[in-house]
Enquirer: 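Dropping the structure in here first, questions after.
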Amino acid sequence: MQNGPRTNMRTHQPRPAASFANRSRRWTSNAALPEQKGSQNAQRNYERYLALAQAEAQTGNLIGAENYYQHAEHYYRSMSSDPGTT
């Protein structure tokens with residue numbers, strides 16, 4: 001360990017204000033979209049994460065696949081507990 005002046009390892013540059021304005025404009029444009037029912041969202045997310053898990057498993061990334069399977073299981077349970085599903 002050295003005894004000397006500490007150098008700041010962070011070289012964070014502040015973002016210009018325009019980038020924040022663009023980001024907020026991007027998010028507000030999505031607010032006009034109609035919301036889907038919760039069970040439809042859960043079904044779509046379940047299928048999405050299941051497909052991602054299978055793709056990761058095919059490439060040999062078993063850790064990534066397990067992560068996606070856990071996400072898919074969350075949405076599966078959400079669908080199963082929703083009284084509006086048939």
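Heads up: numbering here begins at 1 and tracks the sequence.
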Enquirer: If you measure from CE on M79 to NE2 on H74, what distance do you get to the nearest 0.5 Å?
Expert: 10.5 Å
Enquirer: To the nearest 0.5 angstrom, please state how far the CG atom of N45 sits from the CG atom of L52.
Expert: 10.5 Å
Enquirer: Quiz question: by atom type and distance under 3.5 Å, do the side chains of E47 and Q43 form a donor-acceptor pair?
Expert: yes
Enquirer: If you round to the nearest 0.5 Å, how far is CZ of R48 from CG of N41?
Expert: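 These two atoms lie 10.5 Å from each other.
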Enquirer: Can you say whether the rings of Y46 and Y76 are parallel (under 30°), tilted (30 to 60°) or perpendicular (over 60°)?
Expert: tilted
Enquirer: Donor-acceptor pair, S81 side chain versus R77 backbone, under 3.5 Å?
Expert: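 Yes; judged by distance alone, with no hydrogens or angles, the pair exists.
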Enquirer: Let me check something: any side-chain donor-acceptor pairs from residues 62-69 under 3.5 Å, sequence neighbours excluded? List them with distances.
Expert:
| from | atom 1 | to | atom 2 | distance (Å) |
| --- | --- | --- | --- | --- |
| E66 | OE2 | Q70 | NE2 | 3.3 |
| N67 | OD1 | H71 | ND1 | 3.4 |

